[in-house]
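The block underneath contains the structure these notes are about, expressed in structure tokens.
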Amino acid sequence: MKTTTISSLQAMKTAGDKFAAITAYDYTFAKLIEAADIEVTLVGDSLGNVTQGRDSTIPVTIDEMAYHTEAVKRGNSRSLLMTDMPFMSYATETQALDNAAILMRAGAQMVKLEGGEWLADSIYMLTERGIPVCGHVGLTPQSVHKLGGYKVQGKEDEAAAQMIMEAKVLEEAGADLIVVECVPSSLGRDLSQALSIPVIGIGAGPDTDAQVLVLYDMIGISQRLPKFSRDFLEPASSIQEAITAYGAAVRNRQFPAPEHCFK
Ligand code: KIV
């Protein structure tokens, strides 16, 4: 596989080709993901749940994100390396700039921020200064207490239209990718059609431009397998084979299947 860049992902969207993303938190898994030719590696703040055993991503710190980014970077030289900005690390523009710089120095090639329209000025400021940004809309786990739990978002027409409008604002501000989490499949499709930049879905149906999964879910070692995920180790004989099968299933449009989607 060639090295993934923002322009190669954009070209895949234009050509109608799907791509795969997956989370990683350490060097060894990053190596397996690289060998499986997965296009995007995300150092997700889900590390708070799956590596630290916390019940939300809220306690995760910028130093922890930088530590895991450095480890993943050592094992990954081909896929685009994106890192989550953790809770309260981008509440103001100054915080966003200072903390994004820490992650970029640790090896990230892009940072991901959860939220809508309120992030526009920060995204503009980061991208103008050479820091690529991925937005994250839909279910935004850092806002779990405001949302009242881990629930499917954008079910009502008004909420769906609002989400599309806010995602367009993020694109106009300079975001190069958008993650959309836990929304009805129809909204995942409409969002991907409404934006020019690639949309990566998780629990957002089969029609987004790409899919992302939490690594520990897709190899079946999480405490609970979410509805939108699949244990790819089930028919595989190794973790390497499972990650490769996941990439192929996304590119061949075999994942997600109807049972992984929300209405
Ligand atoms: O932290 C994470 O793993 C994420 C994915 C769920 C997209 O943000």
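In listed order, ligands and their atoms are each counted from 1.
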Task: More than 12 heavy atoms of other groups within 6.0 Å of Lys227 NZ - done: yes

TODO: Give me the other members of the hydrophobic cluster that Val169 sits in, counting Ile, Leu, Val, Met, Phe, Trp and Tyr linked by side-chain heavy atoms under 4.5 Å, directly or via other members.
DONE: Met165

TODO: Measure across Asp84 and Met65 and return the closest heavy-atom pair with its distance rounded to 0.1 Å.
DONE: O-CE, 3.4 Å

Open item on the list: Take a 6.0 Å sphere around CD of Glu156 and say whether it holds more than 12 heavy atoms from other residues, nucleotides or ligands.
Closed with: no

Pairs under 3.5 angstrom, nitrogen or oxygen on both sides, ligand 1 versus protein: list them out, please.
| residue | atom | partner | partner atom | Å |
| --- | --- | --- | --- | --- |
| ligand 1 | 1 (O) | Asp45 | N | 3.2 |
| ligand 1 | 1 (O) | Asp45 | OD1 | 3.1 |
| ligand 1 | 1 (O) | Ser46 | N | 3.0 |
| ligand 1 | 1 (O) | Ser46 | OG | 3.3 |
| ligand 1 | 1 (O) | Asp84 | OD2 | 3.0 |
| ligand 1 | 3 (O) | Ser46 | OG | 2.5 |
| ligand 1 | 8 (O) | Asp84 | OD2 | 3.4 |
| ligand 1 | 8 (O) | Lys112 | NZ | 2.8 |

Open item on the list: Run the side-chain contact (heavy atoms from CB on, under 4.5 Å) test on Asp17 and Arg251 for me, step by step, so that the C-alpha distance in whole Å, both residues' side-chain angles and the decisive distance to 0.1 Å come before the verdict.
Closed with: CA-CA 7 Å; Asp17 294 333; Arg251 288 181 213 107; over 6 Å; no

Open item on the list: Salt bridge check, Lys31 against Glu34: does any charged N sit closer than 4.0 Å to a carboxylate O?
Closed with: yes

